[in-house]
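Note that the numbering runs from 1 along the sequence shown for the chain. The structure displayed is predicted, hence computed values, not measured ones.
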Amino acid sequence: MEWENQTILVEFFLKGLSGHPRLELLFFVLIFLMYVVILLGNGTLILISILDPHLHTPMYFFLGNLSFLDICYTTTSIPSTLVNLLSERKTISLSGCAVQMFLGLAMGTTECVLLGMMAFDRYVAICNPLRYAIIMSKDAYVPMAVGSWFAGIVNSAVQTTFVVQLPFCRNNVINHFSCEILAVMKMACADISGNEFIMLVATILFTLMPLLLIIISYSLIISSILKIHSSKGRSKAFSTCSAHLTVVIIFYGTILSMYMKPKSKETFNSDDLDATNKIISMFYGVMTPMLNPLIYSLRNKDVKEAVKHLLNRRFFSK
């Protein structure tokens, strides 16, 4: 290919909902409110997991990491999305785009691996309760959490490094609210088969393998629960993992619905379909972090009691 007469791009245009000014204002308000809920909900979970001694267990250590992860993940994308919705200048530099890609991919990968670790924790708690304290000791669950973060950072660093080394000299319009790595990669004026292979391997290792661990863990958990004779015992055992299972279903369900759905054919209202797809993608990145603390607080007696204790302590201390 000859690129001599082409200009190497130094910034990208984030299309977002350009052309839909009324929707931009509406979704600015909605996303801002949801972001506030995310910060308050996940911040509360982090606070009680630190302050309440009854929650100093592997499960709540993982939950605190998940809440911190959700805050980091949304903070990498929501503030810039809010600016994008109101600003007339919707550009982002190549370096800014690289940072956004790195942080978003690192947080997403870490969450996949962390959910797998949490599934293993629930498996040990239900299927090997007498050995739980030994298997899930601090020497085990802390490295498991650290390993999740390390996997996310390494995967993101490798993929982002290979993407930013690509030459971008064609269309600079990213048809999204933020720098989504696949959308950026497809704009390169070079062969991206190597990048696609790296992405495929990373998806298998850090998305599908944790999902396989979750499926195996819950298959064994369900089998163990069904062997319990009393209905009260079965209900109690299931309640210890129902919140995590709900979060897993929502998280992986939205991923599958977004990335495995068939592509819509071009129609006379393709612009409307395009806007709808972007809105769904945007809410995917917001809804799960917002629902996580609600699910864990509504379906977990320990969390509800810890929140009440924290509120009562603050109220009576005044």
Side-chain angles (χ1 to χ4, degrees), residues 62-63 65-77 98 100-123 141 143-163 176-186 192-221 241 243-263 277 280-292 295:
F62 287 131
L63 180 56
N65 273 265
L66 183 64
S67 294
F68 179 68
L69 183 64
D70 283 338
I71 290 176
C72 294
Y73 178 71
T74 52
T75 302
T76 64
S77 59
Q100 202 171 72
M101 282 190 296
F102 171 77
L103 293 175
L105 186 58
M107 299 303 107
T109 302
T110 302
E111 183 152 0
C112 288
V113 180
L114 189 62
L115 287 173
M117 298 299 180
M118 294 174 74
F120 177 75
D121 171 72
R122 292 299 83 205
Y123 157 73
Y141 68 78
M144 288 168 67
V146 172
S148 300
W149 286 93
F150 182 75
I153 292 171
V154 170
N155 174 47
S156 183
V158 171
Q159 292 204 54
T160 304
T161 299
F162 277 97
V163 170
H176 210 281
F177 294 97
S178 59
C179 289
E180 198 271 330
I181 191 165
L182 186 60
V184 175
M185 192 169 68
K186 288 184 176 180
I192 60 171
S193 57
N195 299 76
E196 290 176 331
F197 177 74
I198 293 172
M199 182 173 286
L200 175 62
V201 172
T203 300
I204 293 172
L205 290 177
F206 303 118
T207 304
L208 298 183
M209 291 300 289
L211 179 59
L212 180 61
L213 176 61
I214 291 169
I215 292 172
I216 293 174
S217 296
Y218 275 100
S219 297
L220 296 173
I221 288 172
C241 62
H244 175 257
L245 182 59
T246 303
V247 168
V248 167
I249 291 173
I250 294 174
F251 181 77
Y252 275 98
T254 49
I255 289 179
L256 293 174
S257 65
M258 280 306 305
Y259 292 100
M260 298 188 69
K261 66 180 181 180
K263 300 294 183 181
N277 289 336
I280 293 173
S281 175
M282 177 174 59
F283 275 102
Y284 150 69
V286 178
M287 287 298 293
T288 304
M290 186 183 73
L291 290 175
N292 284 353
I295 292 169

| Non-hydrogen side-chain atoms of M199 and I181 separated by less than 4.5 Å | yes
| Residues which pass side chain to side chain donor-acceptor pair (under 3.5 Å) with Y218, listed by chain and number, not counting sequence neighbours | H244
| task | Please list, chain by chain and in numerical order, all residues satisfying side chain to side chain donor-acceptor pair (under 3.5 Å) with T109, sequence neighbours excluded. | result | N155
| request: Could you go through the side-chain contact (heavy atoms from CB on, under 4.5 Å) check for W149 and M107 one step at a time? | output: CA-CA 8 Å; W149 286 93; M107 299 303 107; 3.8 Å; yes
| request: For residues 199-208, pull every pair meeting side chain to side chain donor-acceptor pair (under 3.5 Å), keeping only residues two or more places apart or in separate chains. | output: none
| request: Over all heavy atoms of both residues, which pair between T160 and M101 is shortest? Give the atoms and the distance, please. | output: OG1-C, 4.1 Å
| remark: Nearest heavy-atom approach of C179 to Q100 is N-OE1, 2.7 Å
| query | Taking atom CD1 of I221 and atom OG of S219, what is their separation to the nearest 0.5 Å? | reply | 9.0 Å
| request: Please name the pair of heavy atoms, one in I214 and one in G116, separated by the smallest distance, quoted to 0.1 Å. | output: CG1-CA, 3.8 Å
| note | F150 meets the ring-ring contact (aromatic ring centres under 6.0 Å, His included) criterion, sequence neighbours left out, with none
| query | Got a second to check how far N65's CG is from S148's OG, nearest 0.5 Å? | reply | 8.0 Å
| Atom OG of S217 and atom CE of M118: how far apart are they, to the nearest 0.5 Å? | 12.0 Å
| Just how far is it from atom CD of E196 to atom NZ of K186, taken to the nearest 0.5 Å? | 7.5 Å
| query | Tell me, do T288 and N292 make a side-chain contact under 4.5 Å, heavy atoms counted? | reply | yes
| remark: Residues Y252 and L211: closest non-hydrogen pair is OH-N, 3.7 Å
| said: I'd like to check the side chain to side chain contact (heavy atoms under 4.5 Å, CB included) partners of T74; sequence neighbours left out, ordered by chain and number. | reply: Y35, I38, I78, P289
| query | Does the side chain of I153 reach to within under 4.5 Å of the side chain of F102, using non-hydrogen atoms? | reply | yes
| query | How far apart are the closest heavy atoms of C112 and P210, and which atoms are they? | reply | O-CB, 3.3 Å
| note | Value for CG (L220) from CD1 (I215), rounded to nearest 0.5 Å, stands at 12.0 Å
| note | Taken to the nearest 0.5 Å, the spacing of I192 CD1 from M185 CE works out to 4.5 Å
| note | Contacts of Y141 meeting ring-ring contact (aromatic ring centres under 6.0 Å, His included) (sequence neighbours excluded), chain-then-number -> F61
| query | Are any non-hydrogen side-chain atoms of T110 and Y73 less than 4.5 angstrom apart? | reply | no
| task | For the pair L208 and L212, evaluate side-chain contact (heavy atoms from CB on, under 4.5 Å) and give the outcome as yes or no after the intermediate values. | result | CA-CA 6 Å; L208 298 183; L212 180 61; over 6 Å; no
| message | If I compare all heavy atoms of I250 with all of L291, which pair ends up nearest, and what's the gap? | response | CD1-CD1, 4.1 Å
